[in-house]
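Shown next, in structure tokens, is the structure this report addresses.
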Amino acid sequence: MENFSGKTALISGATRGIGRAIALGFLEAGAQVIGVYAGNTQAAEVFMEETARFAPQLELVQCDVASEKQVSALFAMIEEKYGSISILVNNAGIRRDAMLALMTSSQWQQVIDTNLTGTYFMTKQAVWLMMKNKYGRIINITSPVAHLGFPGQANYAASKAGQIALTKTLAKEVAKKKITVNCVSPGFIATDFINDLNQDLLAEYKKMVPMKRFGTPEEVADAVLFLAGSRAAYITGTVLDVNGGL
Ligand code: NDP
């Protein structure tokens, strides 16, 4: 495993599911981790207890990535306390599924605001710090629905496709500054995110996966840590699928 000591990683949605595994991966690899969550303080407290052995290496911050004001305050704190960050993982994401004909503008907007505009707010701030250092790794967690589509997920698919377009564009803008920008695209991963789906539907989805199983958060985290590491220095503007062959 690559050693990330001396590197500071900012991870959104770090207290549950995929983000939690990413945060743990970076902690185990020696990084300083700043983990962001939206409002589930109970999950944040549980994660804090589980990671007590890494105590000085982890700071959790409640911050809504969809709020430009809160993201600005987060980065003001980061600059004052840590100086800069080397790694940003835009992992926070939500679903508000409905067929488009029935989708409310609130369902549409909440998903776009969190998944896409949140990525923009976080990334814009991070890029300023990374450009000063002439180094950075940005990893955005997208989804296969960005190119496949999925009934009931027009808002979510649009937000995830937007993340890919943002990634490819920014990668070209900041390549000269030694900042790489990539996506990881997980398939079905067993987290709270898909817990609300009924068991029959989940069994159907499992059959669709060539490997006939859902992935684990740790399998996604491994891909993120690879892209954040020195061996991925020449990889930028790409999407790494972690989906069991979907
Ligand atoms: P979970 O629902 O398990 O966790 C989501 C995390 O994001 C939580 O920590 C939550 O904080 C945080 N979060 C949500 N909204 C905000 C916000 N506005 N500001 C800050 N933090 C926020 O999701 P997963 O771990 O499953 O998903 C992580 C990412 O992976 C998402 O972007 C998702 O779209 C993507 N993905 C997931 C797949 C899956 O099958 N699980 C498949 C493909 C992609 P809190 O706990 O406070 O609510």
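Values reported hereafter were calculated over all heavy atoms of this structure, with side chains retained and with hydrogens, waters and symmetry mates removed. Model, not experiment: these values are computed from the prediction. The chain is numbered in sequence order, starting from 1. Both counts, for ligands and for their atoms, begin at 1 and track the order of listing.
- Backbone and side-chain nitrogen or oxygen atoms of Val36 are examined, and none is located within less than 3.5 angstrom of a nitrogen or oxygen of ligand 1.
- Residue contact check: Asp64 has heavy atoms under 4.0 Å from atoms 17 (C), 18 (N), 19 (N) of ligand 1.
- Polar contact with ligand 1: absent for Tyr37 (N/O pair, distance under 3.5 Å).
- Between Pro186 and ligand 1, no N or O atom pair is found at a separation short of 3.5 Å.
- The nearest non-hydrogen atom to atom 42 (C) of ligand 1, considering only Ala44, Gly187, Gly215, Ser143, comes from Gly187.
- An N or O contact shorter than 3.5 Å links Val65 to ligand 1 by distance.
- Cation-pi geometry between Lys7 and Tyr135 is met: under 6.0 angstrom from the ring centre, within 45 degrees of the axis.
- At a threshold of 4.0 Å, the pair Lys132-Glu79 counts as salt-bridged, since one of the basic side-chain nitrogens sits closer than that to a carboxylate oxygen.
- Residue Ala38 places at least one N or O, backbone or side chain, under 3.5 Å from an N or O of ligand 1.
- Taking the ring centroids of Phe75 and Tyr82, they lie at or beyond the 6.0 Å cut-off.
- Contact atoms of ligand 1 toward Ile194: 40 (O) (distance under 4.0 Å to a heavy atom of the residue).
- Under the 6.0 Å distance and 45° angle rule, Lys206 counts as a cation-pi partner of Phe214.
- For atom 5 (C) of ligand 1, the choice among Ala146, Gly93, Gly17, Gly19 with the nearest heavy atom turns out to be Gly93.
- Put simply, no part of Phe214 is less than 4.0 Å from ligand 1, judged by heavy atoms.
- Within a 6.0 Å sphere centred on NZ of Lys212, heavy atoms belonging to other residues, nucleotides or ligands number more than 12.
- Ring to ring, Tyr156 and Phe193 are close: their centroids are under 6.0 angstrom apart.
- For the ligand labelled ligand 1, residue Gln62 lies outside the 4.0 Å heavy-atom shell.
- Within the listing of ligand 1, atoms 40 (O) sit less than 4.0 angstrom from a heavy atom of Phe188.
- Atom numbering of ligand 1 starts at 1 in the shown order; those under 4.0 Å from a heavy atom of Thr15 are 9 (O), 46 (O).
- Residue contact annotation: Cys63 has a non-hydrogen atom under 4.0 Å from ligand 1.
- Salt-bridge annotation for Glu173 and Lys168: absent, with no side-chain N of the basic residue lying under 4.0 Å from a carboxylate O of the acidic one.
- Considering backbone and side-chain atoms alike, Thr142 places every N or O at 3.5 Å or more from each N or O of ligand 1.
- Atom 12 (C) of ligand 1 has its closest protein heavy atom at Gly13 CA, 3.5 Å.
- Proximity of Leu246 to Asp241: side-chain heavy atoms (C-beta onward) are nowhere separated by under 4.5 Å.
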